[in-house]
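By convention in this document, chain letters (A, B, ...) are assigned in the order of the sequence lines, proteins followed by strands, and residues within each chain are numbered from 1. These numbers come from the heavy atoms of this one structure, side chains and all, not from hydrogens, waters or symmetry mates.
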Amino acid sequence: MLIDLARTSAAVAADAARLAKIRHLAELLSRVDPDEAEIAIAYLSGELPQRQIGVGWRGLQDLPEPRQIASATLTQVNDLLSRIKAQAGPGSQATRKDLLAELFRSVTRQEQSFLLRLLGGELRQGALNGVMIEAVAKAAGVPAAEVRRALTLRGWLPAVGSAALTGGVDALRAFRLEVGRPVSPMLAQSAPSLAAALAKLGGTAALEWKLDGVRVQAHRSGPDVRIFTRTLDDITAQVPELAEVVLALPADDLVLDGEVIALRADGRPEPFQVTASRVASKTDVARLRESVPLSVFFFDALRVAGADLLDLPDADRHAALAGAVPETLLTPRLVTADLDEGTAFYADALRRGHEGVVAKSAATPYAAGRRGAGWIKVKPRHTLDLVVLAAEWGHGRRQGKLSNLHLGARDPATGRFVMLGKTFKGLTDELLSWQTERFLELADGPADHWVVPLRPELVVEIAFDGVQRSPRYPGGMALRFARVLRYRPDKTPQDADTVDTVRALLL
DNA sequence: TTCCGACAGTGGGGTCGCAAT
DNA sequence: ATTGCGACCCCACTATCGGAA
């Protein structure tokens, strides 16, 4: 029953302790019908079996009142969500809305609240994939490591968890790397400097250029090639030149990990927006590949010539990769324990317009998620002193706090401030409280509105990765990945950085 | 007892495809 | 032709719990 999940979710949310959350979830999983286990695991980890159904925050407005008595089963709810997803073409939005209303009319208030959070993509119960892995392990009586391993290979916890509940460890071990089915990609942590990254890895590391493109996983079985993104979406049709590259390799049973990127004629990278736009385009691909050709650089191999490599150390996997693809397709790499040598490699990557480097432990096997810190990215950081122009009220745990800052640079020509973007990152709870009070003193207009305009008096030091062209902001440029470092009470708005300084970073 | 790894939460800019206007 | 929405590309950071040291 849906009500059982809604109650479990509420209990999970009410307990701060992770072990208690795991207990609540495991108890639910222990009594769920095996036929509905996949749905239960998906919903309680904030996912939908359909992945996405075309309903977002807007579609969740103006829903009907709940009924009094709970009767909906998981299968009923899930079938309705499938019907919503299946809508397409003229009139589909109205039909979607009708079906969604039908769903919400058929459930109680507590179920509505759960569905709203689930469909809105913000479960806010303090448990998602990571906690659910533990809960599945507990309910199925298997080691969590077995669940994690199967998840890496299958990439979809509801399927893995359902198998674990039914078939235990044996069922989990049956998950193998399958060519044509994407694997959860290994992710990197970050470090503030190359020295810090090398220290974390303990001496010798493999350094690789960090290219500012789109992560791809290439699968080839004989003549069949499939290309997947980080979220395991199939983008083969959008990147035909990549499929051709893989098809031209001598080995015909392959899974490779790499980055696809648009390069200019001189070999320097295009801005990320160019690569992303090209990769996302589904129409006119044949013409686009002439005007914006994509290049691919591989940095890992999960399977070469039919041999699975995931459990091998990085050094061995890379050796296999280097044997399988020509050097022109390899991400430039340097294995070193020497900081000076590494620094020169990093500086060279930046000079050529790339994002930074990734430092890798030579010993680490391939594992999904961030566990193990086998990969550490290092990127340079810019900073600017900007003026807070406005602030937005926060959600969730930031409710009641002014959270999101509108940032502006000084325009010497007009004496006014030009907005360059927003940020909510880098703020401690203490700082959030302080700035909320301070902002209400500076409020220049109604403070009960979503956005609270401020007199431009506060200077804040902002870190960011770069400046990009913006179709949204008046200066035609925006900061990428802006975050707060600290307030600068010692500075006045007249000391703030200017739009000219920012524009110089765009070029 | 202290430290630190892993998670969840809170949102950022940009772009595409699609349906509605 | 334009606008709004959902989805997904890139992502940084803090708070918290609980196992490791």
Taking A:Ser92 for its side chain and A:Gly89 for its backbone only, find out whether a donor-acceptor pair lies under 3.5 Å. yes
Which is true for A:Lys85 with a 4.0 Å heavy-atom rule: it touches a base, it touches only sugar-phosphate, or it touches nothing? nothing
Interface with DNA chain B, restricted to residues 112-130 of chain A and to heavy atoms under 4.0 Å: A:Arg124, A:Gln125, A:Gly126, A:Ala127, A:Leu128, A:Asn129, A:Gly130
Taking the side chain of A:Gln52 as heavy atoms from C-beta outward, which of C:dC10, B:dA20, C:dC8 is closest to it? C:dC8
A:Arg381 vs A:Val55, nearer the 5' end of DNA chain C by closest nucleotide: A:Val55
If we call it a pair only when both distances are under 3.5 Å in a Watson-Crick or G-U wobble match, what pairs with B:dC18? C:dG4
Nearest whole angstrom, please: distance from the P of C:dC9 to the CD of A:Glu259. 12 Å
Rounded to whole Å, the CG-P distance (A:Asp233 to C:dA7) equals 12 Å
Mind checking A:Thr275 for me? I need base, sugar-phosphate or nothing, with any heavy atom below 4.0 Å counting as a touch. nothing
Rounded interatomic separation in angstrom, taking CD from A:Gln87 and C1' from B:dC18: 14 Å
Phosphate oxygens OP1/OP2 of B:dG11: is one of them under 4.0 Å from a side-chain N or O of A:His395? yes
Pairwise distance CG(A:Asn129) to CD(A:Glu47) - rounded to 0.5 angstrom: 6.0 Å
Determine yes or no for a side-chain-to-main-chain donor-acceptor pair under 3.5 angstrom, with A:Gln112 supplying the side chain and A:Phe104 the backbone. yes
Give a yes/no verdict on a cation-pi contact between A:Arg438 and A:Tyr487, requiring under 6.0 Å between NZ or CZ and the six-membered ring centre and an angle within 45° of the axis. no
Which residue lies toward the 5' end of DNA chain B, A:Asn404 or A:Thr283, if each is placed at its nearest nucleotide? A:Asn404
Measure the distance from CD1 on A:Ile462 to P on B:dG13 and round it to the nearest whole Å. 12 Å
Distance in Å, A:Arg289 CZ paired with A:Ser281 OG, rounded so as to fall on 0.5 Å steps: 14.0 Å
Using a heavy-atom cut-off of 4.0 Å across all strands, would you classify A:Thr423 as base, sugar-phosphate, or nothing? nothing
Does the pair A:Lys379/A:Asp212 count as a salt bridge with the N-to-O cut at 4.0 Å? no
Salt-bridge criterion met for A:Glu134 and A:Arg18 (N-O under 4.0 Å): no
Applying a 4.0 Å non-hydrogen cut-off, can you work out what A:Ala478 is touching in the nucleic acid: base, sugar-phosphate, or nothing? sugar-phosphate
Do the non-hydrogen side-chain atoms of A:Arg23 and A:Lys138 ever get within less than 4.5 Å of each other? yes
Expressed in angstrom and rounded to an integer, what is the separation of A:Phe228 atom CZ from C:dC8 atom P? 15 Å
Return the value, rounded to whole Å, for the distance between atom NE2 of A:His406 and atom C1' of B:dG12. 11 Å
Among B:dC16, B:dG13, B:dG11, which is the nearest nucleotide to the side chain of A:Tyr473? B:dG13
Does A:Lys401 place a side-chain N or O at less than 4.0 Å from the phosphate oxygens OP1/OP2 of B:dG9? no
Could you tell me whether A:Ala482 contacts a base, only the sugar-phosphate backbone, or nothing, with contacts defined as non-hydrogen atoms closer than 4.0 Å? nothing
Mind calculating the distance between CG (A:Leu25) and P (B:dC7) to the nearest angstrom? 15 Å
Check the interface with nucleotides 14-16 of chain C: list each N/O to N/O pair with the protein under 3.5 Å, or write none.
from: C:dA15; atom 1: OP1; to: A:Asp429; atom 2: N; distance (Å): 2.9

From C-beta outward on A:Val131, which listed nucleotide comes closest to its side chain: B:dG12, C:dC10, B:dC7? B:dC7
Quick one: is A:Arg472 getting a side-chain N or O under 4.0 Å of the B:dG14 phosphate, OP1 or OP2? yes
dist A:Trp375:CH2 -> A:Glu208:CD (nearest 0.5 Å) comes out at 7.5 Å
With nearest nucleotides of DNA chain B determined for A:Ile133 and A:Ser92 from heavy-atom distances, which residue corresponds to the more 5′ nucleotide? A:Ile133
Salt-bridge test for A:Arg397 and A:Asp429: reply yes if a basic N is under 4.0 Å from a carboxylate O, no otherwise. yes
Output yes when A:Arg410 and A:Asp385 qualify as a salt bridge under the 4.0 Å nitrogen-oxygen rule, no when they do not. no
Hey, does the side chain of A:Lys21 come within less than 4.0 Å of B:dA8's phosphate (OP1/OP2), counting only N and O? no
Starting the side chain at C-beta, find the nucleotide from B:dG12, C:dC8, B:dG14 nearest to A:Gln468. B:dG14
Are there over 12 heavy-atom neighbours, none belonging to A:Arg333, within less than 6.0 Å of that residue's CZ? yes
The residue, A:Gly213 or A:Leu19, whose nearest nucleotide of DNA chain C is more 5′ is A:Gly213
For the pair made of NZ in A:Lys200 and C1' in B:dC3, what is the distance, rounded to whole Å? 14 Å
Sub-4.5 Å side-chain heavy-atom contact between A:Ser184 and A:Trp156: no
When we call it a touch if two heavy atoms are under 4.0 Å apart, what does A:Ile235 touch: a base, just sugar-phosphate, or nothing? nothing
Just checking A:Ser470: base, sugar-phosphate only, or nothing, at a heavy-atom cut-off of under 4.0 Å? sugar-phosphate
Check every atom of C:dC17, C:dC9, B:dG11 against the side chain of A:Ala17 and return the nucleotide holding the closest atom. C:dC17
Of the options B:dA19, B:dG14, B:dG12, whose atoms approach the side-chain atoms of A:Pro471 most closely? B:dG14
Do the non-hydrogen side-chain atoms of A:Ile41 and A:Leu165 ever get within less than 4.5 Å of each other? yes
Please list, pair by pair, any protein nitrogen or oxygen found under 3.5 Å from a nitrogen or oxygen in nucleotides 1-5 of chain C.
from: C:dC5; atom 1: OP1; to: A:Arg58; atom 2: NE; distance (Å): 2.4

